[in-house]
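Proteins come first, then strands; the chains are lettered A, B, ... in the order of their sequence lines, and each starts at number 1. Because the structure is a prediction, the values reported are computed rather than measured.
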Amino acid sequence: MNTLLLVDGSSYLYRAFYAMTHLSAPDGTPTNAVYGVLNMLRRLRTDVPHDYCACVFDAKGSNFRHELFADYKATRPPMPDDLRPQADMLPELVALMGWPVLKVAGVEADDVIGTLAHQADEAGMKVIVSTGDKDMAQLVNERITLVNTMSNETLDIEGVVNKFGVRPEQIIDYLALIGDKVDNVPGVEKCGPKTAVKWLAEYGSLQNVMAHAADIKGKVGENLQAALPHLPLSYQLITIKTDVDLQQELPEGMQSLHRRTPKWEALAEHFQTLGFKSWLKEAEAQIGNGNGRGGDLFAAETAPPPAAAVAAPPPVPEIAPAPDKLDYRAITTETAFAELLAKLDAATAVGLDTETTSLDAINAALVGISIAFAPGEAVYIPLGHTPTAAPEQLDLHEVLGRLKPYLESGRLKKIGQNLKYDEHVFYNYGIKLNGIAGDAMLASYIIESHLGHGLDELAERWLGLPTITYESLCGKGAKQISFADVAIEQATEYAAQDADFALRIEGRLKTAMDAKQLEMYQNLELPVAEVLFVMERNGVLIDKDELARQSHTLGSELVQLEQQAYEIAGQPFNLNSPKQLQEILFGKMGIPTKGLKKTASGGVSTNEAVLETLAPDYPLPSVILQNRSLAKLKSTYTDKLPEMINPHSGRVHTTYAQAVAITGRLASNNPNLQNIPIRTEAGRKVRRAFIAPEGSKIVSADYSQIELRIMAHLSGDKTLLQAFKNGEDVHRRTAAEVFGIAPENVSSEQRRYAKTINFGLIYGMGQYGLAKSLGIDNLSAKSFIDRYFARYPGVADYMQRTKELAAAQGYVETVSGRRLYLPGIHSKNGNERAGAERAAINAPMQGTASDLIKRAMVDVLAWLVSDGLKSKLIMQVHDELVLEVPEAELGLVQAKLPEIMQKAAVMDVPLLAEVGVGENWEEAH
DNA sequence: CTGCTAGCATA
DNA sequence: GTATGCTAGCAGA
């Protein structure tokens with residue numbers, strides 16, 4: 001029989017507070033109640049065997065009993081000042097310990113416990129309710145028992161009868177007669193336990209006692225008569241609900257009440273602050289055991305789950321309290337603003353969001369700021385709305401000046417959605433945002449990188465709530481209006497919600513992370529976001545004139561190619577139009593289309609591969625190819641980059657997307673600085689325009705064969721590992737192995753083959769792909785691959801294992817525990833499935849490489865800052881970091897930069913980073 | 001004006 | 001054969 005263990009967190013909070021001697025954290029925060037409750041939960045966890053469990057707390061605010069009876073609990077003194085902060089922090093700590101935590105607005109903890117107990121009872125489960133509250137005795141039956149963990153007292157039916165002298169089903173009647181002084185529930189004057197038991201023994205039920213009120217003599221008889229009108233109400237107040245709607249909190253019912261793995265990382269942090277030393281040690285030991293990240297992000301290899309393991313566990317259901325109502329306000333008066341500042345003084349963490357005039361952060365102007373304090377509680381400060389939209393509005397600079405200390409404070413923690421954006425916005429006004437402690441977008445990216453991370457989607461997925469969309473306020477497309485034109489009322493609803501939801505979602509997502517994920521989130525992605533902010537802000541200096549010259553040259557070359565094409569075709573046409581080109585080549589010129597690749601829409605493709613095959617036999621294709629290549633250079637790079645120079649800084653500021661690539665890589669856009677040409681001579685010239693200011697140089701360092709090294713590490717293949725350890729030329733070595741000759745006899749052709757195989761493997765390539773890229777037949781390609789796998793059995797084995805793992809669990813992992821989901825891995829479509837298998841093979845290598853360089857970026861920036869260097873990180877291109885370095889620091893950076901990159905992780909292969917210096921990016925590479 | 005395809009730049 | 005972002009052309013509003 002399954003057992004459900006329910007803990008009345010709120011009742012214990014009070015009892016522990018009054019029972020425990022004073023205790024406080026190093027910073028003076030009282031901790032006795034928190035310590036008492038957590039200690040009790042630790043004992044319960046081991047002492048009471050159970051299958052499901054939950055710890056229930058009272059939600060803030062009034063509940064249905066207050067509606068029944070305005071004076072309910074009216075005589076209770078307010079919560080002692082020493083208890084309040086403890087009450088606030090306790091639920092989070094309990095959740096971090098792995099307990100499902102429930103808080104339901106509108107009812108009390110008792111009612112939630114009553115409901116869950118009732119449901120479990122109906123399902124034939126055994127229920128143990130751990131509480132210090134005697135009222136709970138009304139729940140006891142054959143399967144439901146109470147345990148007071150503080151006094152070690154157990155109450156079953158017999159126990160209730162022994163203790164109270166009435167049966168469990170009479171407890172409500174019993175308590176109604178006695179009343180409850182603490183909760184201000186009126187009973188019968190002068191009627192205590194003895195009298196109540198006597199009456200109930202005689203008449204059986206409250207109803208019957210009331211019916212015979214006239215029979216009872218003496219002063220108590222009179223009192224009973226006097227109490228008759230209010231006794232039904234008391235009965236109602238004392239009755240614990242067993243029918244609370246928990247659909248929203250527990251959409252999957254009892255099944256979600258599994259104990260989860262404690263978040264040791266976060267617990268350790270809290271125990272540290274709270275001064276719980278022995279528990280801190282314990283948490284650290286757990287982390288050291290690989291149950292959290294140890295000293296080294298890459299040290300712990302998780303044991304692969306059993307092959308039978310099913311896809312990722314479903315996200316833990318929503319257990320955070322949903323606020324009973326929303327409190328969103330606009331701040332437009334000095335009084336309200338002063339109150340807001342006072343609130344910020346008291347707050348430790350807030351949700352933060354800005355509204356602006358532009359998606360381009362560096363050029364965006366502030367329209368308003370929203371701040372959330374608690375779920376459902378947020379304010380919006382309109383600052384840059386048009387007068388029509390906001391008749392009353394505080395002065396932008398005045399407000400910013402007074403908010404600045406809070407925004408720049410590391411003490412006040414900020415949580416938001418893509419805060420890197422807001423960080424830029426504030427920086428535009430001379431404010432450096434500090435204390436960034438959470439970002440819902442990044443948290444979501446860590447948990448499920450393959451899904452969307454927009455706030456709207458997150459609210460839907462994690463809170464089950466719809467959002468007000470930006471489009472519903474501002475419209476879209478050409479007719480879109482500026483947020484500055486949105487009326488305050490609607491702007492407040494929207495903006496306050498964004499801050500509120502970001503705060504709520506981030507908290508929710510954190511509880512869904514395992515220790516490794518929390519580690520990656522807090523110690524990798526959040527710090528990386530700061531590095532990206534710095535790099536974006538730094539920008540890259542571009543030599544406009546150089547690009548203009550190149551554009552000019554390209555322009556005249558393009559004109560010539562165009563003329564040639566027209567002559568060959570016998571007519572002018574648009575060389576950039578695949579459709580027109582198709583007509584010319586396969587229509588007018590009558591080139592046979594047999595065996596040529598088709599486009600998705602049915603026509604004959606005119607892509608590079610097709611034109612290459614036609615080039616030996618016809619003159620036009622090679623002209624087109626040259627034209628395309630140059631046109632791309634001109635339109636995408638030499639013409640475009642100068643347009644992207646920011647007039648204020650004189651530099652180009654890209655935006656790095658941190659949550660788009662499913663493998664963990666960054667992406668760069670507006671402009672994309674990660675696809676600047678290098679392969680062709682003409683293309684590479686573009687890099688000459690990436691320069692450093694007078695007195696500085698460009699320094700670039702890139703990881704050598706990073707993904708191949710990671711493949712060696714992941715596969716553990718002896719031969720491959722050895723090649724790297726010996727510092728060999730791995731492609732040459734591979735050729736030697738595959739062709740069965742000595743490395744010194746490998747021809748350049750053979751080395752090229754080997755290099756292609758090595759790269760192909762990283763992409764999950766099969767014989768077909770290899771044949772195509774080497775221009776050999778399928779059979780020879782297969783024999784190459786077979787020979788390769790025969791010489792590198794570890795690699796063959798790894799490929800196989802990875803595919804199986806992906807199929808078994810639906811995701812694969814990087815070395816540091818980043819999860820990479822493969823939605824297509826179970827597809828019935830063979831092509832799609834094969835694609836997912838290739839992605840599965842590639843993802844751990846690409847993803848681990850990306851984790852590595854992210855770690856290096858954080859370390860490099862930390863070094864630059866701590867040593868007070870003037871060198872600037874300006875670009876990241878997947879395996880390369882580019883810096884702008886003053887000449888005085890050149891020697892230092894050249895030595896230290898590759899060293900930091902190589903030390904980003906300790907793996908079974910040495911990491912190698914190669915550094916270059918130059919006047920421009922081409923020279924430095 | 002918007003959304004799509006083809007093609008191509010990078011690691 | 002993995003992972004991205006950008007441009008031009010073009011079709012349908």
Identify whether any heavy atom of [X] sits under 4.0 Å from a base atom; if not, whether one sits that close to sugar-phosphate; answer base, sugar-phosphate or nothing.
X      : result
A:I762 : nothing
A:S850 : nothing
A:F759 : nothing
A:G477 : sugar-phosphate

Select one nucleotide: of [options], the one nearest the side-chain heavy atoms of [X].
X      : options              : result
A:R838 : C:dT2, B:dT10, C:dA8 : C:dT2
A:A478 : B:dC1, B:dG7, C:dG5  : B:dC1
A:S635 : C:dT7, C:dC10, B:dA9 : C:dT7
A:N842 : B:dC8, B:dA9, C:dA3  : C:dA3
A:N576 : B:dA9, C:dG5, C:dA8  : C:dA8
A:A661 : B:dC8, C:dT4, B:dA11 : C:dT4
A:S629 : B:dC8, B:dA11, B:dA9 : B:dA9
A:S773 : C:dC10, C:dG1, C:dG5 : C:dG1
A:K579 : C:dA3, C:dC10, C:dG5 : C:dC10
A:I662 : C:dG5, C:dA3, B:dG7  : C:dA3

Aromatic contact between A:Y421 and A:F533, with the criterion being ring centroids under 6.0 Å apart: yes or no?
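Between A:Y421 and A:F533, the centre distance exceeds or equals 6.0 Å.
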Between A:R628 (CZ) and C:dG9 (P), how many Å, whole number?
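Those two atoms, CZ and P, are 12 Å apart.
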Side-chain N or O of [X] less than 4.0 angstrom from OP1 or OP2 on [N]?
X      : N      : answer
A:S605 : B:dG7  : yes
A:Q580 : C:dC10 : yes
A:S577 : C:dC10 : yes
A:R679 : B:dT10 : yes
A:R665 : B:dT10 : no

I want to confirm an ordering. Mapping A:T636 and A:E707 to their closest nucleotides on DNA chain C, which one lands closer to the 5' end?
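Here A:E707 is the residue nearer the 5' end.
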Taking only Lys NZ, Arg NE, NH1 and NH2, and the carboxylate oxygens of Asp or Glu, determine whether [X] and [Y] approach each other closer than 4.0 Å.
X      : Y      : result
A:D729 : A:R751 : yes
A:R651 : A:E884 : yes
A:E923 : A:R688 : no

Does A:Q571 reach the side chain of A:Y566, with side-chain heavy atoms less than 4.5 Å apart?
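They are not in contact (no side-chain heavy atoms under 4.5 Å apart), so the answer is no.
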